[in-house]
Amino acid sequence: MLRTGIGAAPTIAAVLLLCPAAWAEGGNFSHHTSCSASGCDVVAQAPGEPPGIISGETPQGGNTTSTPPPCVMPDVEFSGPDGDVLAPAGGAAECERSASTHAQPAFDPRALAEQARARLTLPVPDIGTAPAPGKPRFVNLPSWLWIDAADWEPVSVSAAVSTGAVTVVASPHRVVWATGDGGEVVCPGPGTPFSVAAHRRNGPSECSYTYTSVPPTGPGSPVDLVASWEWTVSWSASDGQSGELADLVTVSSVAVSVAELHSVVTDSR
């Protein structure tokens, strides 16, 4: 749009002549001139173009192309190992999108598996020790360590969308015990609960630890016994794909005291 002064007809004509040739051929454009005491407004418009925009240019503050909304997997449904429906997911997974804005999003099983992994509810270690946590363990005597073996089983969750489904399985891997004095015990299984019969039959548990000194704070002082339960995570999809995801860890701790035994020699007659 151009505004000219009264009597500036040559300028108006020049504006019309500068329009692209494709517009001018055969008079293939329209123009409109309106004048007032302050000057004249000239508008040239080609078919299919907004007034004042030359073909191939971008209007100020606008875009020539629009960015489609992010692609998500709608209506994700989660279910536990018993088929019970879990609460809706907190987020949506990004996925590939076809050129058509009305096409269904492509199935992205790994992204869906990551969402399902976040829904896994794993048990924390239910710590057992012998001596019991409320009683002292003694230097140079083995202490048995274990967690509840009933929890030592895979945990799964499934996620489904209209284009497919995935199942994520977390499997118990091992328990790493930090004994509070700088020591560490790695147990490939849950460990064996203490019993007199088991001790007589097999000796110390395969998952046990022997303190060699009392804590720096003195005999009977508590230290933190920490059990870190590691889980491996895998997924499989309805389209035959499968893979591994990052491991998960559940942790619990208990305070135990460490003391030492002293022998006393008395004179006996």
Side-chain angles (χ1 to χ4, degrees), residues 63 65-128 145-179 184-191 207 224-254:
N63 295 318
T65 59
S66 60
T67 303
C71 180
V72 298
M73 290 184 177
D75 304 324
V76 181
E77 295 183 356
F78 295 94
S79 58
D82 299 327
D84 52 317
V85 178
L86 304 180
E94 295 184 0
C95 58
E96 295 180 358
R97 189 184 185 91
S98 67
S100 171
T101 58
H102 300 291
Q104 198 169 35
F107 180 44
D108 188 345
R110 186 176 182 87
L112 191 58
E114 289 286 2
Q115 286 195 62
R117 175 182 178 274
R119 307 295 302 177
L120 284 168
T121 301
L122 303 179
V124 298
D126 185 5
I127 294 177
L145 308 170
W146 68 88
I147 65 173
D148 190 350
D151 293 332
W152 196 271
E153 58 183 17
V155 177
S156 65
V157 64
S158 298
V161 292
S162 58
T163 49
V166 298
T167 297
V168 174
V169 180
S171 301
H173 176 47
R174 64 181 188 175
V175 181
V176 179
W177 297 85
T179 55
E184 182 180 274
V185 179
V186 178
C187 300
C207 188
D224 287 330
L225 179 64
V226 181
S228 298
W229 191 355
E230 299 177 357
W231 301 71
T232 59
V233 185
S234 61
W235 62 270
S236 58
S238 56
D239 63 357
Q241 297 187 64
S242 62
E244 306 292 327
L245 298 175
D247 291 352
L248 293 172
V249 178
T250 57
V251 179
S252 61
S253 64
V254 64

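- In this structure, the separation between CG on L225 and CG on L145 is 5.5 Å, given to the nearest 0.5 Å.
- In this structure a side-chain-to-backbone donor-acceptor pair under 3.5 Å is missing from R117 to A170.
- Looking at E230 and V176, their side chains come closer than 4.5 Å, going by heavy atoms from C-beta outward.
- The main-chain N or O of G243 is never found under 3.5 Å from a side-chain atom of S234 such that the two would form a donor-acceptor pair.
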Begin from the C-alpha positions of S228 and W177 and carry the test side-chain contact (heavy atoms from CB on, under 4.5 Å) through to its verdict.
CA-CA 6 Å; S228 298; W177 297 85; over 6 Å; no
Test side-chain contact (heavy atoms from CB on, under 4.5 Å) on T121 and V155 and set out the steps.
CA-CA 8 Å; T121 301; V155 177; over 6 Å; no
What do the steps show when you test L245 against E114 for side-chain contact (heavy atoms from CB on, under 4.5 Å), and what is the final call?
CA-CA 8 Å; L245 298 175; E114 289 286 2; 3.5 Å; yes
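- Residue E244 holds its CD atom at 10.0 Å from CH2 of W235, rounded to the nearest 0.5 Å.
- Taking the six-membered ring for Trp and the full ring otherwise, the centers of W152 and W229 sit less than 6.0 Å from each other.
- Of all heavy-atom pairs between V226 and S253, the closest is CG2-CB, 3.7 Å.
- Between the side chain of S252 and the main chain of P125, a donor-acceptor pair closer than 3.5 Å is present.
- With 3.5 Å as the limit, one finds no donor-acceptor pair spanning the side chains of T167 and S236.
- The closest side-chain heavy-atom distance from V233 to V169 is not below 4.5 Å.
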Are W146 and D126 close enough, and set up right, to give a side-chain contact (heavy atoms from CB on, under 4.5 Å), and what steps lead you there?
CA-CA 8 Å; W146 68 88; D126 185 5; over 6 Å; no
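- Of all non-hydrogen atoms in T232 and D247, the two that sit nearest each other are CA-OD1, 3.6 Å.
- Put simply, CZ on R110 and OG on S242 are 10.5 Å apart, with the number rounded to the nearest 0.5 Å.
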